[in-house]
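Take a look at the structure below.
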Amino acid sequence: MESNNMNARARKQLVAGGALGAMLIGTVALSSAASADQVGDDQNVDVSVEIESTVEPGNLAFTVASNATSLSEGESSVEGTREFTGELPGVTVTDTRSGDELPEAGAAGWYVLGSASDFENGEGDVITAAHLGWTPMLATTSESGLVAEGPEVDPAIEGDEDTSNNVGLVDKELLVSAFDSNEVAPEGSWTANAGLTLRTPEDVPGGSYSSTITLSLFEDMF
């Protein structure tokens, strides 16, 4: 029995001693770590991530349905002239702005202007831009009524007596406009086009002529 008791005590001592040893080992290890010297310099790892925004900022912009159009000859409405007609491709203005991105109500409006270069052929013949006119048309309905097409601009050669608007597309002429950017913005988009009329003298030199109509979108503060 004593031997068994001794063995039991021995086992208890062994266990206790082992635990103490473990504690001592742990203490030594901690002490050793606290006093360790760093070997070499720190090494850095940069972490980067590309996060695509799910909120697109709004903007005011415009697109043109095509970058080319053509004119074909028809019966002239003015005696002693030749007349060529066609259509300006659709011009769509979009406004995706909201809230603080928009000007204050009544503070600004946007508009699209257009002008043409002279027609020229490969032989050096020129038909000035004054011979080209247009009749703007709003292809979409503005619910607010604040978006409208510009006035008709006649070619320089015109049969009626009123020549106040027979200037052609020499200068920047109005195609479409909004009278209040803030008020019309919820409508989102608007499309306008224009009938084109080139009127020339009957004796115009033949050839393949080309011109460029330049369209620009502006927004002005009132």
Side-chain angles (χ1 to χ4, degrees), residues 59-95 109-142 146-179 184 187-220:
N59 68 329
L60 176 67
F62 82 114
T63 58
V64 183
S66 175
N67 62 0
T69 189
S70 60
L71 307 178
S72 57
E73 188 169 10
E75 184 176 351
S76 180
S77 59
V78 178
E79 186 178 353
T81 68
R82 297 176 68 178
E83 191 168 291
F84 306 82
T85 60
E87 187 172 293
L88 181 75
V91 177
T92 299
V93 177
T94 58
D95 195 347
W110 55 257
Y111 49 93
V112 176
L113 302 180
S115 62
S117 64
D118 293 340
F119 287 83
E120 299 182 14
N121 65 13
E123 304 301 320
D125 298 309
V126 175
I127 302 171
T128 65
H131 290 78
L132 179 67
W134 71 8
T135 304
M137 297 169 286
L138 193 61
T140 56
T141 301
S142 170
L146 296 175
V147 178
E149 70 272 13
E152 180 178 5
V153 178
D154 294 322
I157 301 178
E158 188 56 56
D160 56 36
E161 295 181 359
D162 181 11
T163 59
S164 61
N165 206 34
N166 303 348
V167 295
L169 299 181
V170 176
D171 295 321
K172 293 180 177 180
E173 300 291 343
L174 181 63
L175 176 68
V176 61
S177 64
F179 300 106
V184 303
E187 297 176 18
S189 68
W190 311 264
T191 299
N193 52 28
L196 301 175
T197 301
L198 175 67
R199 189 172 292 128
T200 71
E202 285 186 319
D203 60 353
V204 61
S208 179
Y209 289 82
S210 62
S211 168
T212 299
I213 294 177
T214 300
L215 300 164
S216 306
L217 172 64
F218 300 89
E219 185 173 55
D220 274 353

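- Taking CD from Glu79 and CD from Glu202, the interatomic distance works out to 8.0 Å, rounded to the nearest 0.5 Å.
- Considering every non-hydrogen atom in both Glu187 and Ser142, the closest pair reads OE1-OG, 3.1 Å.
- With rounding to the nearest 0.5 Å, the separation of CZ in Phe119 from OG in Ser211 is 4.0 Å.
- Taking 4.5 Å as the limit, every side-chain heavy atom of Val176 sits out of range of all side-chain heavy atoms of Val91.
- The minimum heavy-atom distance between Gly90 and Thr191, with the atom names listed, is CA-CG2, 4.2 Å.
- The CG atom of Leu88 lies 5.5 Å from the CG atom of Leu196; values are rounded to the nearest 0.5 Å.
- Residues Asp95 and Val184 are not in side-chain contact: their nearest non-hydrogen atoms beyond the backbone lie 4.5 Å or more apart.
- Looking at heavy atoms from C-beta onward, Pro201 lies in side-chain contact with Ile157 at the 4.5 angstrom threshold.
- Residues Thr69 and Pro89 approach most closely at CB-CD, 4.0 Å, considering heavy atoms.
- The minimum heavy-atom distance between Gly207 and Asn121, with the atom names listed, is CA-ND2, 4.0 Å.
- The backbone N or O of Gly133 lies less than 3.5 Å from no partner atom in the side chain of Thr197, so there is not a single donor-acceptor pair.
- Taking CZ of Arg199 as the reference point, atom CZ of Phe84 lies at 11.5 Å (rounded to 0.5 Å).
- A pairwise comparison of heavy atoms in Gly168 and Glu173 identifies O-OE2, 3.9 Å as the closest pair.
- The CG atom of Leu138 sits 9.0 Å away from atom CG of Asn193, with the distance rounded to the nearest 0.5 Å.
- Proximity of a side-chain donor or acceptor of Ser117 to a complementary backbone N or O of Thr212 within less than 3.5 Å is detected.
- In summary, of the residues considered (Val126, Leu71, Val204, Asp118), a side-chain contact (heavy atoms from CB on, under 4.5 Å) with Tyr209 occurs for Val204 alone.
- The nearest pair of heavy atoms linking Val153 to Asn165 is CA-ND2, 3.5 Å.
- Tested against Trp110 for a ring pair (Phe, Tyr, Trp, His ring centres under 6.0 Å), the candidates Phe62, Phe179, Trp190 yield a single pass: Trp190.
- A 6.0 Å sphere centred on CG of Asn67 holds no more than 12 heavy atoms belonging to other residues, nucleotides or ligands.
- Going from atom CG of Leu132 over to atom CD1 of Ile127 covers 10.0 Å, rounded to the nearest 0.5 Å.
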Yes or no on side chain to side chain contact (heavy atoms under 4.5 Å, CB included) for Ser76 and Arg82, after CA distance, side-chain angles and deciding distance?
CA-CA 6 Å; Ser76 180; Arg82 297 176 68 178; 5.8 Å; no
